[in-house]
Amino acid sequence: MSTSAKGAGPALWALAFIIAALFIALIFYIGFDILVKGLDKPEQWLVTQPLVLLGREALFAISGILWVAGTILFFMELSGWTLKRLRPTRQVIKWDAIDVSITALTAAVYGGALAVTGGIPIIPGFTWVRPANALAPLFGILFGIPGAVGTSIGNFIADALAGYLSVGSIGGFVGNFIIAYVPYKLMRDHTFRTPRSIVEFYVWGVLVSSVWCSLYISWWLDVAEPVIGLPKQFVWGFFAPWVIFNNAFITAIVTPILGFILYPPIKARGLYWADRLKIIA
Amino acid sequence: MLAIGSVLIATKRRIGGLITLIGALWILTMGIYYAFQYSRIYETGLYPVANVVGVIILIVGIGTVLFYWTRIGLLKKR
């Protein structure tokens with residue numbers, strides 16, 4: 001049950017805005033830190049330090065667990081199962097013409113919007129400046145699994161347009177599903193109209209989804225090094241921290257605004273995922 | 001994927017539409033990739049071409065789906 005906007009007191013609103021402001025300030029600080037230290041010195045970035053502290057072995061182990069969990073969840077959700085209170089539960093996604101068209105729409109919008117900035121590479125062949133990342137959690141929050149699958153396909157299309165299609169794109173396929181899936185599944189209130197919704201978004205939609213996506217793809221790039229050829233040190237020392245920042249930065253700023261605007265029309269037209277999904281207890 | 005999706009649609013399985021869509025978009029993606037590679041767009045740095053194709057996909061995708069949703073009356077408030 002979601003806390004209604006009317007029921008939330010000023011103190012709760014103030015707390016939610018303070019948490020949101022802290023997240024945004026931290027992200028800006030990380031961005032400023034990257035600019036000051038330079039794109040060529042990723043080992044000095046603030047966002048890299050937790051990864052350096054953990055070390056490659058620990059990161060590989062943690063990311064491996066996240067990779068297995070993410071992959072299982074991806075296939076579970078597509079085959080009509082989900083986790084409810086950590087128990088596998090049957091769910092019915094209609095996959096009718098409307099769900100399929102939602103997937104097509106989100107794939108086209110996400111793929112097209114990512115490709116628009118495809119000419120500004122950060123790590124040539126692997127990632128680029130991606131402001132359209134803000135759409136991925138939004139599509140999950142509004143459309144659920146059809147939206148999350150759309151972001152996967154959209155990322156695949158963008159990889160092809162930007163010339164980055166490789167074995168690494170397989171990791172990107174599920175990794176982008178995770179960006180959309182985490183806030184869809186773990187936020188309890190998707191309205192962007194309550195303090196709870198805002199705090200949940202910053203925790204799950206910004207922090208957890210960005211880190212999980214980055215570690216998921218990085219683990220895949222590490223394992224596939226003989227095929228892809230990106231050195232392990234580069235994967236964990238540059239790619240992983242950059243992807244965390246690249247996802248979190250634009251998501252923290254743009255997605256709540258888009259969500260606040262788009263939630264009512266999507267809900268009013270019966271396209272919101274909770275109005276189309278049936279859980280079988 | 002396309003073939004599997006078609007079979008699933010024919011046998012009236014719920015997931016058939018999605019699998020077919022993934023298959024169709026996969027073929028589209030690979031088609032774009034090989035067309036760009038064959039025409040050396042990636043090597044020559046003609047990124048605006050890729051960006052323009054991205055914008056076309058964006059507009060055509062939104063247009064097609066909104067046209068379909070309008071036709072089935074989905075865009076009216078419930």
Side-chain angles (χ1 to χ4, degrees), chain A residues 77-80 92-121 124-125 128 132 135 145-146 149-150 152-166 169 173 264-272 275, chain B residues 1 5 8-9 12-37 39-78:
Chain A
E77 293 286 348
L78 281 189
S79 56
V92 179
I93 300 174
K94 293 176 188 166
W95 290 121
D96 57 5
I98 294 171
D99 279 332
V100 173
S101 64
I102 286 171
T103 302
L105 176 77
T106 50
V109 172
Y110 192 54
L114 281 177
V116 170
T117 54
I120 314 169
W128 65 95
L135 298 170
I145 297 301
V149 174
S152 295
I153 301 170
N155 185 69
F156 197 67
I157 292 170
D159 271 2
L161 286 171
Y164 294 0
L165 200 62
S166 70
S169 301
F173 193 86
I266 298 287
K267 173 82 177 161
R269 284 157 184 85
L271 291 167
Y272 176 53
D275 299 333
Chain B
M1 296 283 279
L8 288 172
I9 287 177
K12 297 188 175 170
R13 296 289 172 89
R14 194 177 282 134
I15 197 80
L18 177 71
I19 303 287
T20 306
L21 177 76
I22 293 175
L25 291 179
W26 195 306
I27 287 173
L28 172 78
T29 306
M30 298 309 288
I32 292 169
Y33 181 71
Y34 285 116
F36 278 16
Q37 200 159 48
S39 54
R40 296 177 152 231
I41 280 175
Y42 298 134
E43 293 167 33
T44 51
L46 285 171
Y47 277 113
V49 176
N51 301 146
V52 169
V53 174
V55 174
I56 292 169
I57 288 175
L58 185 78
I59 293 168
V60 171
I62 292 175
T64 309
V65 173
L66 288 184
F67 176 72
Y68 171 67
W69 283 357
T70 310
R71 280 199 66 178
I72 63 171
L74 194 68
L75 295 182
K76 290 175 189 163
K77 279 190 184 179
R78 294 178 179 187

Measuring from [X]:[atom1] to [Y]:[atom2], what's the distance to the nearest 0.5 Å?
X	Y	atom1	atom2	value
A:W95	B:I19	CH2	CD1	8.5 Å
A:L161	B:F36	CG	CZ	5.5 Å
B:I22	A:F173	CD1	CZ	5.0 Å
A:I157	B:I57	CD1	CD1	5.5 Å

Review point. Taking only residues two or more places apart in sequence, or in another chain, which ones meet A:S101 in a side-chain hydrogen bond (donor to acceptor under 3.5 Å, both in side chains)?
Key: B:W69
Exercise for review: Could you tell me which residues satisfy side-chain hydrogen bond (donor to acceptor under 3.5 Å, both in side chains) with A:N155, sequence neighbours excluded, listed by chain and number?
Suggested key: A:R130, A:N176
**Study point:** Under 3.5 Å donor-acceptor, A:R269 side chain and B:L75 backbone
**Key:** yes
Identify the heavy atoms of [X] and [Y] that sit nearest to each other, and give their distance.
X	Y	value
A:V100	B:G17	CG2-C, 3.7 Å
B:G61	A:A108	CA-CB, 3.6 Å
B:V55	A:V116	CG2-CG2, 3.6 Å
B:L58	A:A113	CD1-N, 3.8 Å

Check whether [X] gets within reach of chain A through its side chain, its backbone, both or neither, counting any heavy atom under 4.5 Å.
X	value
B:I32	side chain
B:L66	neither
B:L18	both

Practice item. Applying side chain to side chain contact (heavy atoms under 4.5 Å, CB included), run through A:T103 and B:L25 and close with a yes or a no. Key: CA-CA 11 Å; A:T103 302; B:L25 291 179; over 6 Å; no
Sort [X] into side chain, backbone, both or neither according to what part of it lies under 4.5 angstrom from a heavy atom of chain B.
X	result
A:L105	both
A:L114	neither
A:A158	neither

Study note, to complete from the structure: Given B:L28, B:T20, B:V53, B:I15, the one with more heavy-atom pairs under 4.5 angstrom with chain A than any other is B:I15
